[in-house]
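Okay, structure first, notes after.
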Amino acid sequence: MRTSAMRGHRSRIALVNAVPVTVFLLVLFVYPIIGVLSLSLEGDSGGFTLHWYTDALSGANLSVLMSTLRISAETAVLSLLVGFVLAHAIARMRPVFAALAMLIVVVPHFISALVRTYGWIIMLGEHGLINTLATSLHAPGAPYDLLYNETGVVIGTTSVMLPYTVLVLQGVMRGVDRRLLAAAAGFGAGRFTIFRRVYLPLVAPGVGTAGLLSFILCLGYYITPALMGGDKQTVVAALIDQQVMKQDQWNSAAAFGVILLLLTFAGLGVLGLAKLRRARTAARGGRS
């Protein structure tokens, strides 16, 4: 009876402690989302309508949405490719050098995104470092058009998402038991076979998480695409800004916001299903 009473007392304390957090989430998260959802379903006359969603998923707006999805996917893939190499190299370093390398990767992330974006604009411009170097080396096609197009946007967003990717991958790679790799080598497996059959499956969950994180963050990213894309390469976040600040189309902007939120939830759902599937597979393997 005393144990049951203590459990009940702890449960009441937990409920009391959860009240401020619940109120905080309801006021600052749930209520705004409900407001945006209702605004996206409100017609010009105040009645219910799906016109704003139909408009968002047709014509030029659909083209902007697909362009945003494509840029997000390209950014996720490029971040994974570069981040995998960096994280793998850092994971093999001694702890002191690994900490220094992670510091070099992460510290630029604390610099203002606006400053970093203008830095990329200077580097990628017609007379920037890259084009000046390419021209001096007489590279074919130099100078290159690297700004105010999809190429510039992907380069800029990749630089922003790269620290997240490296952090996730490096943590997973640090947790890989090196004895498994040594055992595979002891049985005569080559480096490529060890990488493909042992190492890659072990870090695959981290790869999926890092890629999905970059994709989701890039969906609603605004500063870098707006500055490096210009009018020629519009993304959904920039379109929402135009509709609110210049066209006073709050309903259409709200519809785009809900679509981005649904895409984010879909990505999180895919990640959750993948984790659940891995857990079930591990459980079946443990029982066998």
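Residues: numbered from 1 along the sequence shown.
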Taking Trp52 as the fixed residue, which of Leu39, Asn251, Leu57 is the one that meets the side-chain contact (heavy atoms from CB on, under 4.5 Å) rule?
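Result for side-chain contact (heavy atoms from CB on, under 4.5 Å) with Trp52: Asn251.
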Between [X] and [Y], does any side-chain donor sit less than 3.5 Å from a side-chain acceptor?
X	Y	answer
Ser40	Tyr53	yes
Tyr144	Asn131	no
Thr224	Thr117	yes

Is any side-chain heavy atom of [Y] closer than 4.5 Å to one of [X]?
X	Y	answer
Arg70	Glu150	yes
Ile121	Leu227	yes
Pro225	Ile71	no
Trp120	Met228	yes
Phe110	Val106	yes
Phe215	Met161	no
Gln249	Gln242	no
Val236	Leu219	no

Are [Y] and [X] connected in a single hydrophobic cluster, I mean Ile/Leu/Val/Met/Phe/Trp/Tyr linked by side-chain heavy atoms less than 4.5 Å apart?
X	Y	value
Leu80	Val82	no
Leu62	Ile259	yes
Val168	Val166	no
Ile33	Tyr31	no
Leu262	Val270	no

Verdict with reasoning, Leu69 to Leu263, per side-chain contact (heavy atoms from CB on, under 4.5 Å):
CA-CA 10 Å; Leu69 291 173; Leu263 290 173; 3.8 Å; yes
Where do Leu162 and Leu86 land on the side-chain contact (heavy atoms from CB on, under 4.5 Å) test, with the steps shown first?
CA-CA 10 Å; Leu162 190 59; Leu86 285 175; 4.1 Å; yes
Pairwise distance [atom1]([X]) to [atom2]([Y]) - rounded to 0.5 angstrom:
X	Y	atom1	atom2	value
Leu260	Leu65	CG	CG	7.0 Å
Ser79	Glu74	OG	CD	11.5 Å
Ile223	Arg116	CD1	CZ	9.0 Å
Thr49	Glu42	OG1	CD	10.5 Å
Tyr164	Leu167	OH	CG	9.0 Å
Leu124	Leu147	CG	CG	5.0 Å

Counting neighbours of [atom1] on [X] that are heavy atoms of other residues, nucleotides or ligands and sit closer than 6.0 Å, is the number greater than 12?
X	atom1	answer
Met66	CE	no
Glu126	CD	no
Phe48	CZ	yes
Arg196	CZ	yes
Arg174	CZ	yes
Arg197	CZ	no

Considering all heavy atoms of both residues, which atom of [X] and which atom of [Y] are nearest to each other, and what is their separation?
X	Y	value
Gly229	Val153	CA-CG2, 3.5 Å
Cys218	Thr75	SG-OG1, 3.8 Å
Val198	Ala184	CG2-CB, 4.0 Å
Gly257	Ile240	N-CD1, 4.0 Å

side-chain contact (heavy atoms from CB on, under 4.5 Å) for Thr68 and Val64? Distances and angles first, verdict last.
CA-CA 6 Å; Thr68 303; Val64 172; 4.3 Å; yes
Worked check of side-chain contact (heavy atoms from CB on, under 4.5 Å) between Leu181 and Arg178:
CA-CA 5 Å; Leu181 308 181; Arg178 296 289 171 177; 3.4 Å; yes
